[in-house]
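A short write-up of the structure that comes next.
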Amino acid sequence: MLRPLLYSSWSSGCSSRVRVALALKKIDYDYHAINLRDTEAEKDFAANNPAKKVPILKINDLTLTESMAIIEYLDEVFPEPPLLPKDSAQKAHARAIAFHITSNIQPLQNLAIGKMLDEKIPGYGLEWCQFHIKKGFDALEKLLGLYSGTFCVGNQITIADIVLPSIVYNAMEKYSVDMTPYPKIAEINKKLAEIPEFQTAEPARQPDAPKDQKNWGENLGFK
């Protein structure tokens with residue numbers, strides 16, 4: 001197999017998920033950094049994904065897009081360690097939590113939406129993102145109360161855990177969301193942060209990460 005190539009951005013939560021999955025599967029890959037503020041500069045970007053989004057993974061003569069589809073592919077082709085429980089009920093719970101994060105929370109706190117709203121009503125973009133993260137976290141905290149053990153679902157790392165750190169990172173570092181009302185989310189996120197495969201996927205550890213990541217509100221364009 002040729003060495004896989006990952007089109008990624010250091011701050012992309014969707015890219016982060018795939019970086020975690022690749023690390024868990026012990027798959028070495030090359031990193032192609034994409035500047036999400038200047039995708040037009042990437043001549044071959046649209047050719048690889050007409051949606052002009054990351055991540056894109058080139059592997060086994062395939063060009064794969066959408067983080068959850070990529071993760072499912074990796075789990076099927078490289079089955080160890082499994083990213084879904086064997087038990088059918090736990091498998092459903094893991095998928096439900098993962099899709100709650102990726103479908104119900106992540107799209108509504110997307111930077112592009114926040115900045116567009118902020119241009120129309122200064123300050124509203126940040127308020128919008130914070131509101132929808134908190135709403136999603138209210139439900140997520142309850143789901144974890146029902147199904148978590150050491151990790152999001154029982155004691156095995158699953159796709160639910162893979163997608164958790166990036167949304168918590170966005171909540172805390174991009175949008176300054178107070179995590180005090182969400183002790184279970186914070187607890188599991190802290191455990192995941194101690195695992196080497198999750199550490200390698202952290203935004204600050206990526207080759208395209210800026211040296212100074214402070215003043216997020218200013219960097220994101222929020223007033």
Side-chain angles (χ1 to χ4, degrees), residues 1-34 54-60 64 66-86 90-91 93-95 97-98 101-102 105-106 137 140 144 147-174 179 182-214 216:
M1 182 181 71
L2 294 175
R3 190 177 176 92
L5 175 63
L6 178 66
Y7 288 70
S8 177
S9 173
W10 72 278
S11 64
S12 163
C14 297
S15 297
S16 177
R17 302 166 192 161
V18 174
R19 296 195 298 260
V20 172
L22 287 165
L24 289 170
K25 297 292 186 179
K26 309 299 183 187
I27 300 173
D28 293 328
Y29 61 93
D30 292 323
Y31 187 104
H32 185 120
I34 297 294
V54 289
I56 301 170
L57 181 64
K58 290 191 172 184
I59 187 171
N60 292 340
L64 305 178
E66 297 297 331
S67 63
M68 298 304 287
I70 293 172
I71 291 169
E72 286 189 14
Y73 173 85
L74 293 175
D75 203 33
E76 291 178 1
V77 177
F78 306 93
E80 295 296 331
L83 302 180
L84 284 169
K86 290 184 178 180
Q90 286 197 323
K91 187 181 296 184
H93 296 323
R95 283 182 169 137
I97 290 173
I101 293 171
T102 61
I105 304 177
Q106 195 274 336
F137 276 14
L140 178 58
L144 295 179
Y147 306 121
S148 69
T150 303
F151 301 112
C152 287
V153 178
N155 300 317
Q156 172 191 341
I157 291 175
T158 70
I159 55 171
D161 302 287
I162 289 176
V163 305
L164 181 67
S166 58
I167 199 65
V168 174
Y169 176 88
N170 285 0
M172 297 176 63
E173 302 297 332
K174 291 185 179 182
M179 293 298 294
Y182 313 111
K184 183 59 70 173
I185 296 175
E187 175 189 354
I188 295 175
N189 187 67
K190 183 178 179 180
K191 290 176 183 175
L192 294 172
E194 297 171 353
I195 298 173
E197 289 82 358
F198 283 80
Q199 292 173 350
T200 61
E202 291 173 354
R205 295 174 183 253
Q206 305 316 303
D208 54 329
K211 294 181 180 179
D212 183 4
Q213 297 175 39
K214 298 179 181 179
W216 261 108

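Quick note: residue numbers are just sequence positions, from 1.
Taking 4.5 Å as the limit, every side-chain heavy atom of I70 sits out of range of all side-chain heavy atoms of R17. For the pair P81 and K25, the minimum side-chain heavy-atom distance is below 4.5 Å. Between S9 and D208, some side-chain heavy-atom pair lies under the 4.5 Å cut-off. Annotation: side chain of S15 is not in contact with side chain of L6 (no heavy-atom distance under 4.5 Å). Side-chain contact between S8 and R19: present, with at least one pair of heavy atoms (C-beta onward) separated by less than 4.5 Å. Annotation: side chain of P4 is in contact with side chain of L57 (closest heavy-atom distance under 4.5 Å). The side-chain heavy atoms of L164 and V168, taken from C-beta on, include a pair separated by under 4.5 Å. When side chains are defined from C-beta on, Q156 counts as touching P82, because their heavy atoms get closer than 4.5 Å.
In this structure a side-chain-to-backbone donor-acceptor pair under 3.5 Å is missing from Q106 to S166. Between the K174 side chain and the S11 main chain, a donor and an acceptor come within less than 3.5 Å of each other. A donor-acceptor pair under 3.5 Å is absent between the side-chain atoms of K58 and the main chain of L64, judged by distance alone.
Across all non-hydrogen atoms, the minimal contact from L84 to A94 is CD2-CB, 4.3 Å. Shortest non-hydrogen contact noted between H32 and L5 is CB-CD1, 3.9 Å. Nearest approach of A98 to V163, heavy atoms of both residues: CA-CG2, 3.8 Å.
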From CA spacing to verdict: side chain to side chain contact (heavy atoms under 4.5 Å, CB included), F151, I195: CA-CA 12 Å; F151 301 112; I195 298 173; 3.9 Å; yes

Verdict with reasoning, K26 to E197, per salt bridge (Lys or Arg N to Asp or Glu O under 4.0 Å): CA-CA 9 Å; K26 309 299 183 187; E197 289 82 358; 2.5 Å; yes

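Every pair passing ring-ring contact (aromatic ring centres under 6.0 Å, His included) that includes a residue from residues 182-202 is listed here, sequence neighbours excluded: F137-Y182.
We find the SG-CG distance between C152 and D161 to be 4.0 Å, quoted to the nearest 0.5 Å. Interatomic distance, CG of L22 versus CD1 of I59, reported as 7.0 Å (0.5 Å rounding). To the nearest 0.5 Å, the span separating CG on L83 from CD1 on I162 amounts to 4.0 Å. Taken to the nearest 0.5 Å, the CG atom of D75 stands 9.0 Å off from the CD atom of E80. The CH2 atom of W10 sits 14.5 Å away from the CZ atom of R205 when rounded to the nearest 0.5 Å. The distance from the CD atom of E72 to the CD1 atom of I159 is 7.0 Å, given to the nearest 0.5 Å.
Looking at K190 and E194, no side-chain N of the basic residue comes within less than 4.0 Å of a carboxylate O on the acidic one, giving no salt bridge.
Other residues, nucleotides and ligands contribute at most 12 non-hydrogen atoms within 6.0 Å of the CD atom of E66.
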